[in-house]
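Working notes, beginning with the structure itself.
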Amino acid sequence: MSARERAIAARVDASVPAGLTLLERTVNMNSGTLNPDGVRSVGRAFTPAFEALGFRIRWIDGAAWGRAGHLVATRVGRAGGANAKRLHVLLIGHLDTVFERDSPFQRFERLTDSTASGPGAIDMKGGIVVMWLALQALEAAGELERLDCTVFLCGDEERSGEPLALARRDLIAAADAADVALGFEDGAGDPRTAVVSRRSSGGWVLRTTGKPYHSSQIFRADVGYGSIFEAARILNAWRDSLAGEALLTFNPGVVLGGTRAHYDEAAGGGGAFGKTNVVAESTVVAGDLRALSLEQREAARAAMRRVAARNLPHASATLEFEDGYPPLAPSEGNRRLLAMYDQASRDLGHGPVAAVDPARAGAADISFCEGRVEMALDGIGLMGDGGHTVGEVADLRTLGSQARRVAVLLSRLGRGAK
């Protein structure tokens with residue numbers, strides 16, 4: 001640790017009380033994804049904190065994809081002059097939570113000297129506070145001038161707007177302009193880990209048809225097996241052929257079948273009508289598919305299509321896929337950034353940091369940086385437990401330690417360490 005880095009860490013420590021105040025204030029503001037006024041209010045609450053560091057604030061309206069929108073804060077460094085090549089860092093978070101206005105979980109509450117509960121405390125208003133603490137420490141030390149920074153706070157991470165391509169268009173553009181991306185999710189909730197890879201999150205809908213007939217004649221050569229047996233055949237064949245592949249998962253979450261069946265993806269449900277003495281004519285199954293890389297995802301899709309095409313007699317099947325969130329594939333650049341973060345943690349006396357198992361890392365907005373930045377790292381926000389539940393609890397001891405790690409990492413990146 002240099003004297004400069006020790007001063008940066010001390011500045012973080014001095015600002016933790018202000019960070020806790022900001023955390024409590026924003027947690028007490030409901031920002032469920034479907035509460036656009038609340039999401040915008042949280043954006044306005046964070047705005048002065050970034051403006052005080054010299055960031056220029058822009059709000060991207062989300063009406064086109066049915067959500068509140070995104071807050072984008074940009075700051076251009078001065079080191080080396082206006083035309084100098086500085087590292088461009090993209091810092092990613094989100095303003096929304098899973099707790100809508102009708103949730104009973106609405107307020108920040110201190111539980112002990114080191115813990116607090118509250119909606120979005122760790123997922124992820126606490127992550128935004130970690131981000132701000134690190135940036136203000138760098139600004140106070142003059143180190144922020146060595147970086148070009150973009151802070152991108154999405155307003156719909158928990159329940160993305162549609163079309164997704166439009167909802168994430170500006171984030172993708174920000175990634176294209178950046179060299180390094182940092183995500184401030186809580187990851188596995190363990191400060192000894194960070195995220196270098198995430199699996200994709202996409203959907204699929206399988207529709208099968210059969211020949212309607214009196215049930216007493218099912219299995220007859222001219223009647224066949226019906227749509228439900230066809231769907232069952234396909235699902236079981238997928239399980240037999242793909243379930244053992246590492247880090248690949250696919251889950252049939254909804255099954256509807258009978259004489260008539262319909263599924264409404266937006267509503268997350270549907271209905272079916274049938275009689276026990278009639279061979280099922282229509283079945284629909286909806287599920288998700290998660291993979292660690294685009295190559296793994298496409299290979300799985302191809303295998304699923306092949307199975308669905310080998311139909312039982314008098315049955316047919318169609319299979320549609322929805323891309324959803326892309327994977328963040330493990331890369332040498334991501335591992336190199338983790339090594340730098342790990343070294344900063346060790347130098348600060350916080351111990352080693354290892355890559356978390358991708359099976360424990362769900363989809364997140366940093367995945368849209370895949371293939372667009374040289375290095376990416378996520379899961380470095382406020383730690384805790386119980387995210388997405390009324391038992392969400394933040395470990396406030398990690399507010400300062402996480403921010404110190406990030407601040408030293410960014411300082412070293414700004415000075416050319418790679």
Those residues that, when tested against Ser114, pass side-chain contact (heavy atoms from CB on, under 4.5 Å) (two or more places apart) = Thr112, Arg397

Check the surroundings of atom [atom1] in [X]: do more than 12 heavy atoms from other residues, nucleotides or ligands lie under 6.0 Å from it?
X: Arg58; atom1: CZ; value: no
X: Phe229; atom1: CZ; value: no
X: Asp288; atom1: CG; value: yes

Are side-chain heavy atoms of [X] and [Y] found at a separation under 4.5 Å?
X: Val72; Y: Leu153; answer: no
X: Leu206; Y: Trp238; answer: yes
X: Arg346; Y: Asp342; answer: yes
X: Leu164; Y: Phe368; answer: yes
X: Arg78; Y: Arg86; answer: no
X: Leu34; Y: Asp96; answer: no

Pairs where [range] contributes a residue and the test side chain to side chain donor-acceptor pair (under 3.5 Å) is met, not counting sequence neighbours:
range: residues 200-212; result: Thr209-Ser316
range: residues 254-270; result: none
range: residues 245-254; result: Arg199-Thr249, Glu245-Gln296

Return yes if a side-chain donor-acceptor contact under 3.5 Å exists between [X] and [Y], otherwise no.
X: Gln402; Y: Arg405; answer: yes
X: Asn35; Y: Glu100; answer: no
X: Tyr225; Y: Arg233; answer: no
X: Asp395; Y: Thr398; answer: no
X: Glu158; Y: Thr33; answer: no

Across all chains, not counting sequence neighbours, the ring pair (Phe, Tyr, Trp, His ring centres under 6.0 Å) partners of Phe250 are none

Taking only residues two or more places apart in sequence or in another chain, which ones pass ring pair (Phe, Tyr, Trp, His ring centres under 6.0 Å) with Phe46?
-> none

Salt bridge or not between [X] and [Y]? Use side-chain N to carboxylate O under 4.0 Å.
X: Asp148; Y: Arg75; result: no
X: Arg6; Y: Asp347; result: no
X: Glu370; Y: Arg198; result: no
X: Asp13; Y: Arg404; result: yes
X: Asp37; Y: Arg101; result: no

Please report, to 0.1 Å, the donor-acceptor pairs under 3.5 Å made by any side chain of residues 278-287, with sequence neighbours excluded.
residue: Thr283; atom: OG1; partner: Ser227; partner atom: OG; Å: 2.8
residue: Thr283; atom: OG1; partner: Ile228; partner atom: N; Å: 3.4

Can you sort out the partners of Arg301 under salt bridge (charged side-chain N to carboxylate O under 4.0 Å, His left out), two or more places apart, ordered by chain and number?
-> Glu298, Asp323

With sequence neighbours excluded, tell me which residues meet salt bridge (charged side-chain N to carboxylate O under 4.0 Å, His left out) with Asp170.
-> none

Dump the intermediate steps for salt bridge (Lys or Arg N to Asp or Glu O under 4.0 Å) on Arg360 and Asp190, then the final yes or no.
-> CA-CA 11 Å; Arg360 297 187 62 192; Asp190 185 345; 6.0 Å; no

Nearest heavy atoms of [X] and [Y], plus distance in Å:
X: Val130; Y: Gly381; value: CG2-C, 4.1 Å
X: Val12; Y: Ala407; value: CG2-CB, 4.4 Å
X: Ala272; Y: Gly257; value: CB-O, 3.6 Å

Return a table of donor-acceptor pairs under 3.5 angstrom between the side chains of residues 18-28 and protein atoms on other chains or two or more places apart.
residue: Thr21; atom: OG1; partner: Pro17; partner atom: O; Å: 3.2
residue: Thr26; atom: OG1; partner: Leu22; partner atom: O; Å: 2.9
residue: Thr26; atom: OG1; partner: Leu23; partner atom: O; Å: 3.1
residue: Asn28; atom: OD1; partner: Phe108; partner atom: N; Å: 2.7
residue: Asn28; atom: ND2; partner: Glu24; partner atom: O; Å: 3.3

Sort and list the pairs that fulfil ring pair (Phe, Tyr, Trp, His ring centres under 6.0 Å) and have at least one residue in residues 70-92, not counting sequence neighbours.
-> Trp65-His70, His70-Phe152

Taking only residues at least two apart or on different chains, which pairs with a member in residues 374-407 satisfy ring pair (Phe, Tyr, Trp, His ring centres under 6.0 Å)?
-> none

Please lay out, stage by stage, how Asn334 and Ser331 fare under the test side-chain hydrogen bond (donor to acceptor under 3.5 Å, both in side chains).
-> CA-CA 5 Å; Asn334 296 357; Ser331 71; 3.1 Å; yes

Verify side-chain contact (heavy atoms from CB on, under 4.5 Å) between Ser117 and Glu392, making sure each step is shown before the conclusion.
-> CA-CA 6 Å; Ser117 68; Glu392 182 173 1; over 6 Å; no

At what distance, to the nearest 0.5 angstrom, does CG of Leu171 lie from NE2 of His94?
-> 12.5 Å

